[in-house]
Structures are given as structure tokens and as C-alpha cells.
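The block underneath contains the structure these notes are about, expressed in C-alpha cells.
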2 protein chains.
Amino acid sequence: MPWEFRSDCPIYAQLIEKIEQKICSGVYPPGTKLPPVRDLAQEAAVNPNTMQRALARLEDVGLLYTHRTSGRFVTEDTDLIRQLKNRLVQEHIRDFLEKMRQLGFGREEILAAISRIMEESKDE
Amino acid sequence: MPWEFRSDCPIYAQLIEKIEQKICSGVYPPGTKLPPVRDLAQEAAVNPNTMQRALARLEDVGLLYTHRTSGRFVTEDTDLIRQLKNRLVQEHIRDFLEKMRQLGFGREEILAAISRIMEESKDE
DNA sequence: ATTCTTGTATTAAGACCTTAATACAATAAT
DNA sequence: ATTATTGTATTAAGGTCTTAATACAAGAAT
């Protein structure tokens, strides 16, 4: 199934986010070999160059590493992964709270609204 | 003060979000006259064309309307504004919950994490 | 009537994003 | 040794985004 992208942001940036998510959530566990660029590109329905660009960025920050010809692997540095996960969680929460605050929601209202929507989608 | 933009998304898209926020939160109340395009552009530190593009989109959805030469105004349709606000709230919550879920957070953990971060930034 | 202010349109340039089509180097697999 | 697989690099094309510099039309202000 092709990955889904918003049209308002560069695909390569969205690829980075998605792959980070997959690493943090254990879809791609530490030390695991990733599928080849070409396969990943096809899976995401994206040009290999675009996928390559995203992977290169993730390599820059140490999340992936490459054995020139045998493939690309997720780092075994579980500490780094945990740091990333914490960073993402913090960012998501802060961004969310800021958006809600700007819409005039106080702390209690935010929690209430979340609980309500959680209830609504409980049956999934 | 120039508005702030992320580098990973088109400016015009971010302008749309910001202006929507300002309308929903009452910074630009219903029926109010907006500053001229040129002023808004300067305030945001953006090219007038870019600001114009964002405003045109907001007009497309009925959130703004124009009197050709006297200026641009926020709609007086408070119902439309309320609908937008509800839509934004829902989107923000759903997006947030989805991201957290993908990081392995259950409902309780999400609420706990939010409460914790709320506490941390209580003194602002 | 004249000038100012407003939104709008146009053209050009440069930067970035995406795709496509190749090609190459180095190791793995046979 | 030969072939296949892997990441990587290059070039070209077309699209979008952003800025810049103008110009115009029409109502507002004087």
C-alpha cells in the first residue's frame, strides 16, 4: 500500500517523519536491515531519488547507517532512538497545546475535548 | 514582529493557517476590516504576492470577502467561523492522537503525558 | 476633478522539489 | 570468475514557490 502524503509539504520531509515514526515504534527495530532504496521507493510510490534523499538525512543524524553494498540498517544505539522518541513526543504535545491555546482552549477544556473524541473513536 | 515560519512547508500554506487561527480566536473579529495586503505582507515579512495568494484562498472558502477598493473583510457569518473552529479542533486532536498512537501511546498514557507537560509549563 | 488607496494581474528570475533515465563502484551471491 | 544487488551520482526536464518590479482599475478621500 502506497504511503499517504499531504500535498502541502515536500514529500521527502514527510518520508523522514514516517520513517522516524517506524523506527521509534519498532516497525524497524534497532539493528534491522531496511529494504533496499528501490523497494522502499516503490512501496511508498515515490521516486528512488526522493527516498534516497530522506534516508540520507536520517543517516546524517545517526539514525541509520550504511554498509555500502549490503544494505542500510537501523542504528543499534537504543539510547539515540529513545531520545528521538522523547523529542517527538514533546514536540507533538507542545505543538498541539499551542494550537489549542491559540483557539482559546484552556487546560481543562483541552483534556475534556480529548476525552470526548477518544470516547467517540473507542470502537476502532 | 514578523511571523514565524517553518522551513519545511510553503509559506502561503502557513499564512492560511495563521490567519484562520486569528479569525477563529477573535484577533480578527467577524466583519472587521483587515489591513491592506501590502501592510499584512510587510507585517509578516513576506512578499505581497504571497500574502495575496493566501488571502485569495481564504476568500475561496468564504472566510473573507472583498470590496474591490475599500479593503478586505472578515465574514460576518459567525456560523461559518464556528464550523471552521470546530473543524480545526477536531483535526488537531485527531492528528495528535494518531501521532501519539503510532509512537505506542495508549489513551491513558497520552492523558498522563499531556498533564505532565501542562504542569511543567504552568508558570507561563 | 484630482489624488490616494485598494485589490488584482503580469512578467521574469531564481530556488527548490520531483521524477526519469542512466551510469558507476563495491560487495554479496553464485 | 561472473552475475546480481546494493548505495550513490549525474543530468535533464517540468512543476511549484517566492520574490521583485510593475502596471492597471475602481472606489475613497480630498
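Below, chain A is the first sequence line, B the second, and so on; all start at residue 1. Everything numeric in this text was worked out from a predicted model, so none of it was measured.
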To the nearest angstrom, how far is [X] atom [atom1] from [N] atom [atom2]?
X	N	atom1	atom2	result
B:Glu59	C:dT6	CD	P	16 Å
A:Arg53	C:dT19	CZ	P	11 Å
B:His67	C:dT5	NE2	C1'	15 Å
B:Leu55	C:dT6	CG	P	14 Å
B:Phe73	C:dT6	CZ	C1'	10 Å

Any donor-acceptor pair under 3.5 Å linking the side chain of A:Gln14 with the backbone of A:Arg6? yes

Check: B:Lys18 side chain, B:Glu4 main-chain N or O, donor-acceptor pair, under 3.5 Å: yes

On DNA chain C, check which nucleotide each of A:Val46 and B:Ala56 is closest to and give me the residue with the more 5' one. B:Ala56

Residue met sooner reading DNA chain C from 5', once A:Ser70 and B:Gly71 are mapped to nucleotides: B:Gly71

How many angstroms lie between atom [atom1] of [X] and atom [atom2] of [Y], to the nearest 0.5 angstrom?
X	Y	atom1	atom2	result
A:Arg57	A:Leu63	CZ	CG	14.0 Å
B:Lys22	B:Thr32	NZ	OG1	13.0 Å
A:Ser121	B:Arg107	OG	CZ	5.5 Å

Can you sort out which residues in residues 31-42 of chain A have a heavy atom within less than 4.0 Å of DNA chain D? Ascending by number, please. A:Pro36, A:Val37, A:Arg38

So, for [X] and [Y], which heavy atoms are closest and what is the spacing to 0.1 Å?
X	Y	answer
B:Glu59	B:Leu64	CG-O, 3.3 Å
B:Pro30	B:Glu76	CB-CA, 4.2 Å
A:Phe96	B:Ile114	CE2-CD1, 4.3 Å

DNA chain D: first to last nucleotide in contact with chain A (atom under 4.0 angstrom from a heavy atom), 5' to 3', is D:dT6 to D:dT10

What parts of residues 10-20 of chain B reach DNA chain C, counting only heavy atoms under 4.0 Å away? none

Can you classify the ring geometry of B:Trp3 versus B:Phe5 as parallel (below 30°), tilted (30 to 60°) or perpendicular (above 60°)? tilted

Run A:Glu98 and A:Arg101 through salt bridge (Lys or Arg N to Asp or Glu O under 4.0 Å) and show every step you take. CA-CA 5 Å; A:Glu98 176 61 15; A:Arg101 195 189 60 73; 3.0 Å; yes

Is there a chain of hydrophobic side chains (I, L, V, M, F, W, Y, each step under 4.5 Å between heavy atoms) that links A:Val37 to A:Tyr65? no

